[in-house]
Amino acid sequence: MTQARDRKPILWAFTLSRLTDLLERVVPSYAGRADIRVFHKAFDDALETARELIRAGEEVDVLISAGANGAYIRKRTAVPVVAIQATGFDVLQALAKARRLSRRVAIVNYGAVTPELEHFKSLYGLEIEQRAYDTMEEAGACVQELAAKGIEVVVGPSGVAEISERLGLKGIFLYSKTAVCEAIDRAIEIARATRVEDAKRERVDAVLRHLAEGVVAVDLEQRIQSLNPAMERLLGVSAEAALGAPLSRVAPGLSLARVLETGDAELEKIERLGGHTLVTNRIPIREQGVRTGAVLTCQEASAIERVDRSLRSQHRPRRYEARHRLSDVIGRSEAIARTRELAERYARTDATVLVTGASGTGKELFAQGIHAASRRSDRPFVAVNCAALPETLLESELFGYEEGAFTGSRRGGRAGLFEAAHTGTIFLDEVGDMPVALQTRLLRVLQEREVLRLGSNDPTPVDVRVIAATNQDLAARVEQGDFREDLYYRLAILRLHLPPLSARPEDIPLLAEDLLGRALAQHGALEARERALEAVLPRLLAHAWPGNVRELENVLERVAVLYAEPKGAAVDARELRVVVPELFQDRRRTREASTLRAARNDLERAHILRVLEECGGNQSRAARRLGIGRTTLWRKLGGSD
């Protein structure tokens, strides 16, 4: 490309007779500025010669010709054509020469007569006939008409002068050396300007070729001027076949007619083209303030989604990552094994999960494990405690807000946690404590899969898997009117109930070994684990653990502090009683209380079953007789598990 820009302009001149001779005399003076070849050919012969040379690999920047020959060539070639045009001085000089030969003079020129000459004639009382022609046939007819009128001298281009002489008239050649030089100078400037534009176009084309985005540019008639490979692939056509064709014919669904008509850009439109979903932009092209065409850009929605996921992933805070796997759930008991297996099955779906269980049973651990085992594992895991924030703050945290939505809102607004969890999982802990007003907004998100920021009217689509958790009886809260029934059924599509630690005592040794080892490792006293376990394990097995695994972890952290300092020192029962007094409570009283609760539950269940049997299994009638709701009846019969 650099060599092409540095070379001299290449000009080909196609003329006949006298103009050819004049060109050949002028050309040597341009040897340092241009490479000029003169061909004694016109019309079809000239076109065929030019085409053969171009097919043979020869280059040309501009063609030079005159009159009808130049117009004929211009209409049939894409190469720029400069016409040799007679100057006013040429006309006067030729007419002066003609007047010396005869009083009956005419001028026959291509295209149109010269109005200035008509004014000159009337001013000086000259008798000069003017004629214009578009084809050489018309030129011949004009000369014959003038001869019939007694005209003796005809001024015109080479062809006209030759026709005049064949008819016995005197032909005066119109063009001068000055006219030829002006045409060559214009051709050189056009060649240089074209080369600069070609260089710019090559740079732009090089950029467009490497764009993943499809780009097509059209002129004011919607004819395709350029398109890049990405657009070729989208349209299923080659550039060679598309260039010059109307875009409305190549791709009717991607018309630029409205933009060309109004001059208004149309940005970020979602459209379908074949099997592709595209994001399109239509932009008018203006050059020096004048509208000259329009450009259409198309990008596949899937590519934008990939970029969106990448950006969200790169800017995702580390707190939005799941740290635990289901394999981190410790225990070999049947209860925990069954729960873990069910969680693994739930991980293979995208359905909403409601995790229930007493406080401290590991609801977030299971939520993280389900996320980590799902297809969304490399996407965000966003956890929010619905009981830890006041209602107004929880709303803005969950759903985000626009700038100026409320006093103190961040400049530029802020995305909510649902948007932060896009393509991943959001964990709504303690969802039973969510205010009723926010329950309505949460239900809409679950139904519509879109979030409306505070202060905004434009919803944002989100692709989020929801895992909710609670230690409350949501069915009872529904009956009490504290929790929306429709939201409850939206959340409880898949249910996972975590067993309390008291229901899996065989897991206590494994849990204690792991938790105590971690606590002692923080103090650099891991070697004390066996001594500590030997001292506390019998009491751990005897404890009721109302606080479940969280309580066990708390107890063992205190035990670790006791056994960490001084290293190797013995720990007696009195010290242990001071540090973990709950392990030394009256076990008999604890067991009796537990037994009493179990007996009371058994009696209640037996009574419910008896009433249900009396009602012929009709749960609605049984609930009315018992004075409770159907949901509570279902729960007491074991449905909540």
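Below, each value reflects all heavy atoms present in this structure, side chains not excepted, and no hydrogens, waters or symmetry copies. All figures in this text were calculated on a predicted structure; none of them were measured in a lab.
Using a 3.5 Å distance cut-off with no hydrogens or angles, the side chains of E364 and H324 do not pair a donor with an acceptor. A donor-acceptor pair shorter than 3.5 Å can be found between the side chains of T440 and R484. Side-chain contact of Q472 with D433: a donor-acceptor pair under 3.5 Å is present, judged by distance alone. In this model, no donor atom of one side chain and acceptor atom of the other lie less than 3.5 Å apart for E506 and S333. For the residue pair R550 and N554, no side-chain donor N or O sits within less than 3.5 Å of a side-chain acceptor on the partner.
The nearest pair of heavy atoms linking L556 to A512 is CD1-CA, 3.6 Å. Pairing each heavy atom of V559 with each of A532, the nearest pair is CG1-CB, 4.2 Å. What you find for V215 and N228 is that their closest heavy atoms are N-OD1, 2.9 Å. In terms of heavy atoms, C386 sits closest to L394 at O-CD2, 3.7 Å. For the residue pair H371 and A322, the shortest heavy atom distance occurs at CD2-CB, 3.8 Å. Considering all non-hydrogen atoms of both residues, V329 and R340 come closest at O-NH1, 2.8 Å.
The environment of R272 atom CZ is dense: over 12 non-hydrogen atoms of other residues, nucleotides or ligands sit within 6.0 angstrom. Atom CD of E534 sits in a sparse spot, with 12 or fewer heavy atoms from other residues, nucleotides or ligands closer than 6.0 Å. Around the CZ atom of R449, the shell of radius 6.0 Å holds more than 12 heavy atoms that belong to other residues, nucleotides or ligands.
One distance of note links CG of L278 with CD1 of I270; it measures 9.0 Å at 0.5 Å rounding. Interatomic distance, OG1 of T352 versus CZ of R495, reported as 12.5 Å (0.5 Å rounding). In this structure, S502 OG and H543 NE2 are separated by 10.5 Å, a value rounded to the nearest 0.5 Å. The CG atom of L491 lies 7.5 Å from the CG atom of L428; values are rounded to the nearest 0.5 Å. Here the NE2 atom belonging to H422 is positioned 15.0 Å from the CG atom belonging to L417, to the nearest 0.5 angstrom. Between the CG atom in L342 and the CZ atom in F366 there is a gap of 9.5 Å [rounded to 0.5 Å].
Side chains of L393 and S396 form a contact here, defined as non-hydrogen atoms less than 4.5 Å apart. Side-chain contact between C298 and L296 is present, with heavy atoms from C-beta onward closer than 4.5 Å. For the pair E300/T277, no side-chain contact is recorded, criterion being any heavy-atom separation below 4.5 Å from C-beta on. In this structure the side chain of L442 reaches within 4.5 angstrom of the side chain of F418, judged on heavy atoms. Side-chain contact between L494 and L354 is absent, with no heavy-atom pair separated by less than 4.5 Å. At a threshold of 4.5 Å between non-hydrogen side-chain atoms, the residues T297 and I283 do not count as touching. Here the side chains of E395 and L454 are in contact, with some heavy-atom distance below 4.5 Å. Side-chain atoms of T460 and E450, non-hydrogen and from C-beta on, never get closer than 4.5 Å to each other.
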**OP:** Would you check, one step at a time, whether the test side-chain contact (heavy atoms from CB on, under 4.5 Å) holds for Y346 with I493?
**Re:** CA-CA 10 Å; Y346 288 172; I493 295 174; over 6 Å; no

**OP:** Mind running side-chain contact (heavy atoms from CB on, under 4.5 Å) on D350 and R375 for me, showing each step along the way?
**Re:** CA-CA 9 Å; D350 262 350; R375 67 176 183 85; 2.4 Å; yes

**OP:** Under the salt bridge (Lys or Arg N to Asp or Glu O under 4.0 Å) rule, what do R282 and E271 come out as? Steps first, then yes or no, please.
**Re:** CA-CA 12 Å; R282 293 172 170 83; E271 301 182 45; 2.6 Å; yes

Original post:
Passes side-chain contact (heavy atoms from CB on, under 4.5 Å), R558 versus V579? Steps please.
Top reply: CA-CA 6 Å; R558 283 179 277 155; V579 174; 3.5 Å; yes

**OP:** Please step through side-chain hydrogen bond (donor to acceptor under 3.5 Å, both in side chains) for the pair R465 and T425, ending with a clear verdict.
**Re:** CA-CA 5 Å; R465 199 240 180 111; T425 301; 5.7 Å; no

Original post:
What's the verdict on side-chain contact (heavy atoms from CB on, under 4.5 Å) for T361 and L501, showing C-alpha distance, side-chain angles and the deciding distance?
Top reply: CA-CA 7 Å; T361 50; L501 187 55; over 6 Å; no

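No donor-acceptor pair under 3.5 Å is formed between the side chain of D429 and the backbone N or O of V384. In terms of modelled atom types and a separation under 3.5 Å, the side chain of T339 and the main chain of A335 share a donor-acceptor contact. The main-chain N or O of M434 is found under 3.5 Å from a side-chain atom of Q439 such that the two form a donor-acceptor pair. Not one N or O on the side chain of R625 forms a donor-acceptor pair closer than 3.5 Å with the backbone of A622. Checking side-chain atoms of N548 against main-chain N and O of S359 turns up a donor-acceptor pair under 3.5 Å. Checked by atom type and distance alone, the side chain of W545 never pairs as donor or acceptor with a backbone atom of P505 at under 3.5 Å.
The residue from L234, L235, V216 that alone fulfils the side chain to side chain contact (heavy atoms under 4.5 Å, CB included) condition with L254 is L235.
In this structure, F427 and F381 have parallel ring planes: the angle between them is below the 30° cut-off, well short of the 60° mark.
For R338 and E334, the salt-bridge test passes: some basic side-chain N is under 4.0 Å from an acidic carboxylate O. The pair D507-R504 meets the salt-bridge criterion, with a side-chain N (NZ, NE, NH1 or NH2) lying under 4.0 Å from an Asp/Glu carboxylate O. Salt-bridge annotation for R621 and E614: absent, with no side-chain N of the basic residue lying under 4.0 Å from a carboxylate O of the acidic one. Under the 4.0 Å criterion applied to side-chain N and carboxylate O atoms, E430 and K363 are not assigned as salt-bridge partners. Classification of R376 and D463 as a salt-bridged pair holds, one side-chain N sitting under 4.0 Å from a carboxylate O. Note on D514 versus R518: salt bridge recorded, some NZ/NE/NH1/NH2 to OD/OE distance being below 4.0 Å.
With a 6.0 Å cutoff to the six-membered ring centre and a 45° limit on the axis angle, R441 counts as a cation-pi contact of F399.
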